[in-house]
Amino acid sequence: MFKFSAHEYPYASQRQSVFAKRGMVAASQPLAAEAGIEIMRRGGNAIDAAIATAAALTVVEPTGCGIGGDAFALVWTQNKLHGLNANGAAPQGLSIEAVKAAGHEKMPLHGWTPVTVPGCPSAWAELSKRFGRLPFADLLQPAISLARDGFPVSPVVALQWQAALDDFTPDRDEVLDSWFETFLIDGRAPRAGEMFRNPAQARTLSELAATECESLYRGPLAQRLDAHSRATGGYLRASDLQDYRAQWVDPIKVNYRGVDVWEIPPSGQGLVALMTLKILEGFDFDHRDSQQTWHRQLEAMKLAYSDGLHYITDPEHMRVAVDDLLSDHYCAHRRGQIGEQAVAPQPGDPHASGTVYLATADAEGNMVSFIQSNYHGFGSGVVLPDSGIALQNRGEEFSLDPAHSNCLAPGKKTFHTIIPGFLSKDGVAMGPFGVMGGYMQPQGHVQMVMNLVDFGLNPQAALDAPRWQWLGGLKVGIEQSASRDMAAALARRGHEVQVACDLTSYGRGQIILRDPETGVLCGGTEPRTDAHIAVY
């Protein structure tokens, strides 16, 4: 093992935007990006590459995603944008009454209670069936090899792995035992540069590859999950899995200063980003790093987020229409509530007037914006023994208040944090973008769009720029690379400013833009993680 620290960088570093013509994959982990570009070199398109990259990320970045998580995608092909929602629902046996009877006053973070149906493998299969070129089984081979033969753990993933161990240890019981047996080396988290192998996950991925993921929903893996859930007090059943398929949906958009900004519709929180941009469009911005710019961005985000957290849920249970929240009249009303001082936001009434991300592109013009997540790190801590399948804890987002829009109900989909983004102009694709990281995601989307559209930054500079985030109430966080003058100015306006040393909570993004005249691709990748752009 090398003697240097993989976590110490005493000198400023700078990445450059990456250009390519035939293909590009931008992802948060180098081995996953290379898995995608390998598939493209074999004749696969951007959709095939996205699936291969996503599958590989479940192996090399299990701290952010897994086979047992959810996924969303925006796919540009043949001059049209398509949306895919692979958000799993609550099991039919899970209800407010059942959770309270188990002694919980709110949804717990660990164990079986927050586990919802995994949507991620269904997303891979649906993408391949509709838009893929190579056989599905070929797309998972790089991930299978990485799991079977092992891979050196990258630095940020190693830090997050240790954080997950620290998080799970106080709650360890028989339900979480399989996580400790599957994802540790001699009882500890793997270190940066250390090889990690997951032969059980390799076998599971092979089974998914051979069955086009049917085994997880209507086959042997579903039966194993059912049996394990019953034996350990879980709510998930084979019938919950059998009824599930990812859904194709129509993306939603706003036109921001001539650029169409696209998001997945609710229950995703992409609507929050669109509402924020709609509010901000009524202001003029001369300089990115002025206190006025940051103040207005933060105030607009707070207003949009308070609405999003109040109204967004499973679209079948939404009490407010998307069009009402994005209406000119309502957004102008919210814009008028932004003054010179910070205020604690409250949800409005529109009737009276809130992970891993990857982007791919190929020479034919196909482009994919893809995101998948287990929600909190490894998820619930529940792992199907001898499978490598870590189950998400997305259900923790549900409210146990029956009056809340996002209250728990059997078979209901919860408010969802993970969101892919896409840009187009005059009906021509500009490209995919995204920023992973829980409630940071719409905040990152707004900052990326404004960096590109308002301030003319290239993709890499747009990702490098210091970020802010609203932390609730009057609390806001800013990165330590922002100026001291900025922190002081925001504080004078009434913001309760926290300067962050740990940058992982400020999102990890990727951007690919395509020149419509030459077809040349330009990509930027996240400097706050182990990110990489693979080109062809």
### Query
For the residue pair Phe422 and Trp76, does the interplanar ring angle fall in the parallel (under 30°), tilted (30 to 60°) or perpendicular (over 60°) class?
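Answer is parallel, since the angle falls under 30°.
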### Message
Which label fits Phe415 and Tyr439: parallel for a plane angle under 30°, tilted from 30 to 60°, or perpendicular past 60°?
### Response
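Judged by the thresholds at 30° and 60°, the geometry between Phe415 and Tyr439 is parallel.
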Do the side-chain N and O atoms of [X] and [Y] include a donor-acceptor pair separated by under 3.5 angstrom?
| X | Y | value |
| --- | --- | --- |
| Gln392 | Asp70 | yes |
| Arg22 | Tyr536 | yes |
| Asp289 | Ser483 | no |
| Glu397 | Thr414 | no |
| Glu34 | His532 | yes |
| Glu526 | Ser28 | no |
| Ser154 | Asp530 | yes |

Closest heavy-atom contact between [X] and [Y]?
| X | Y | value |
| --- | --- | --- |
| Val382 | Val175 | CG2-CG1, 3.6 Å |
| Pro91 | Val115 | CD-O, 3.5 Å |
| Met367 | Ala429 | SD-CB, 4.1 Å |
| Pro466 | Ala482 | CB-N, 3.9 Å |
| Trp124 | Cys213 | CE3-SG, 4.3 Å |
| Pro459 | Leu513 | CG-CD1, 3.9 Å |

Does the side chain of [X] reach to within under 4.5 Å of the side chain of [Y], using non-hydrogen atoms?
| X | Y | value |
| --- | --- | --- |
| Ser373 | Arg394 | yes |
| Asp149 | Met195 | no |
| His228 | Leu384 | yes |
| Lys21 | Leu521 | no |
| Gln510 | Phe433 | no |
| Asp226 | Leu236 | no |
| Ser380 | Trp112 | no |
| Val356 | Ile371 | no |

Considering only NZ, NE, NH1 and NH2 on the basic side and carboxylate oxygens on the acidic side, decide whether [X] and [Y] come within less than 4.0 Å.
| X | Y | answer |
| --- | --- | --- |
| Glu194 | Arg188 | yes |
| Arg172 | Asp177 | yes |
| Asp48 | Arg42 | no |

Verify, without hydrogens or angle tests, whether [X] (side chain) and [Y] (backbone) share a donor-acceptor contact under 3.5 angstrom.
| X | Y | answer |
| --- | --- | --- |
| Thr211 | Ser215 | yes |
| Gln460 | Thr525 | yes |
| Arg528 | Leu463 | yes |
| Asp173 | Leu176 | yes |
| Ser229 | Leu225 | no |
| Asn451 | Gln447 | yes |

### Message
On the six-membered ring of Tyr357, is Arg508 placed so that its NZ or CZ lies under 6.0 angstrom from the centre and within 45° of the ring axis?
### Response
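The answer is no; the distance or angle limit is not met.
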### Task
Kindly indicate whether a cation-pi arrangement holds for Arg467 with Tyr506, taking the cut-offs as under 6.0 Å to the six-membered ring centre and within 45° of the axis.
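So Arg467 doesn't make the cation-pi contact.
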### Query
With His110, which of Tyr375, Phe378, Trp179, Phe168 fulfils ring-ring contact (aromatic ring centres under 6.0 Å, His included)?
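For His110, the ring-ring contact (aromatic ring centres under 6.0 Å, His included) test succeeds with only one of Tyr375, Phe378, Trp179, Phe168, which is Phe168.
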